[in-house]
Student: 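To start, I am sharing the structure in question, which I have written as structure tokens.
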Amino acid sequence: MKQYKAYCFDLDGTVYKGKSAIESAVRYIHRLQARGIEPFYVTNNSSKTPEQLQASLAAIGITAPIDHLYSSAMATAQYVKLHYPEARVRLMGSDGLLTAAEALDLQVVDTIEADVFMMGIDRELTYTTLANACLTVQSGAVFIATNGDVKFPNENGFVPGNGSLARLVEGVTGVTPIYIGKPSPVMLELIADMHGFEKEDMVMIGDNYDTDILSGIRFGIDTIHVNTGVTPAHEVFDKPEPPSILVENMDAYAALEDSM
Ligand SMILES: [Mg+2]
């Protein structure tokens, strides 16, 4: 089995489900840390700040440095800063997206005259919020969504992701958003650039073929699919481009390593 320098873990459905740990992943992360390797965490979840993500991991027994946490909120703000530096930005979403926008000094406004509309998941969503989103996009704002995930798992099943809400706005306005989160390779690119890794040093680990695994494939790095979340293994077999490795969970991956 190949040893990597940067193990990039998806979070929801890979490391935890809601507040519950996926113990096999936690054990593998501890195993890496015991080898002196600090993993990275790459999430399409835009609702949490890096500090909140750190707290969620701490609650299941994982210590993670802030600079190893990458969210689609952070990548979205960086994308807007790069491509629309002067834009007036209206946003929908929770702390994570606002914090990311403020950290980069984006000009945040609350009017339909905005130049860019940044959309992340808002768990306190009201009809007014969605109506304002539709009106802002109709009046010409560039529509950028943190991620296109239609659903994600919690302790009891699947709940709507930002992609479901973005599709609603798309349905009303006829405008398709630019999606920043996985399967876009933007977050993996940031890890490589900010920490100085070569592609052959990196592996992306996730439960969702259409986001996690595709982001790794598009970036050109190895991928490990775990059967602990969104995409069941039997569906992965039908995909035209398979992950590098498909395992039931990270205990199985550790067993493969031990058998070599
Ligand atoms: Mg996931």
Side-chain angles (χ1 to χ4, degrees), residues 6-29 39-48 50 52-54 56-57 59-60 62 64 68-76 94 96 120-121 123 145-166 179-188 190-191 202-219 221-236 239 241-253:
Y7 291 77
C8 306
F9 284 85
D10 167 59
L11 287 176
D12 290 298
T14 299
V15 174
Y16 50 61
K17 278 185 187 170
K19 292 190 193 319
S20 310
I22 295 175
E23 296 295 348
S24 49
V26 176
R27 274 190 289 274
Y28 192 78
I29 287 163
F40 290 85
Y41 305 93
V42 182
T43 179
N44 273 5
N45 184 335
S46 69
S47 68
K48 291 180 177 171
Q52 288 166 336
L53 288 172
Q54 198 176 35
S56 299
L57 285 167
I60 57 166
I62 296 172
H68 283 230
L69 297 170
Y70 287 79
S71 78
S72 63
M74 187 179 146
T76 299
S94 35
I121 195 165
R123 287 160 205 258
T146 54
N147 69 80
D149 292 12
V150 168
K151 61 184 179 179
F152 59 87
N154 78 1
E155 300 90 332
N156 301 312
F158 291 102
V159 294
N162 191 45
S164 293
L165 307 174
Y179 290 110
I180 300 296
K182 298 169 283 183
S184 150
V186 167
M187 291 188 283
L188 293 171
L190 287 171
I191 292 175
M202 301 175 67
V203 62
M204 178 69 212
I205 301 153
D207 66 296
N208 187 331
Y209 179 89
D210 298 305
T211 57
D212 304 320
I213 302 306
L214 276 186
S215 74
I217 289 172
R218 287 182 188 172
F219 191 50
I221 64 174
D222 284 352
T223 54
I224 301 169
H225 182 269
V226 286
N227 194 26
T228 54
V230 169
T231 317
H234 67 86
E235 281 180 26
V236 177
K239 302 287 185 181
E241 234 180 320
S244 314
I245 295 181
L246 189 155
V247 285
E248 190 58 27
N249 57 39
M250 290 310 283
D251 281 343
Y253 186 81

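One-based numbering, in listed order, for ligands and for the atoms of each.
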Student: Does Ser72 form a side chain to side chain donor-acceptor pair (under 3.5 Å) with Asn44? I'd like the steps, not just the answer.
Tutor: CA-CA 5 Å; Ser72 63; Asn44 273 5; 4.9 Å; no
Student: Angle subtended at the Mg ion (ligand 1) by OD1 of Asp207 and O of Asp12, to 10 degrees?
Tutor: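 Roughly 90°, rounded to 10°.
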Student: Closer than 2.8 Å to the Mg ion (ligand 1): does that hold for any N, O or S atom in Asp149?
Tutor: no
Student: Please work out which of the three classes, parallel, tilted or perpendicular, describes the rings of Phe40 and His68, given edges at 30° and 60°.
Tutor: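 The arrangement is parallel - the two ring planes meet at less than 30°.
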Student: State, to 0.1 Å, how close Met250 and Ile205 come at their nearest heavy-atom pair, and which atoms those are.
Tutor: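 Nearest pair, atom of Met250 first, then Ile205: SD-CG2, 4.0 Å.
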Student: State plainly whether the residues Lys182 and Asp149 are in salt-bridge range, i.e. N to O under 4.0 Å.
Tutor: no
Student: Do you know which N/O/S atom name in Asp10 is closest to the Mg ion (ligand 1)?
Tutor: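 Relative to the Mg ion (ligand 1), the closest nitrogen, oxygen or sulfur of Asp10 carries the name OD2.
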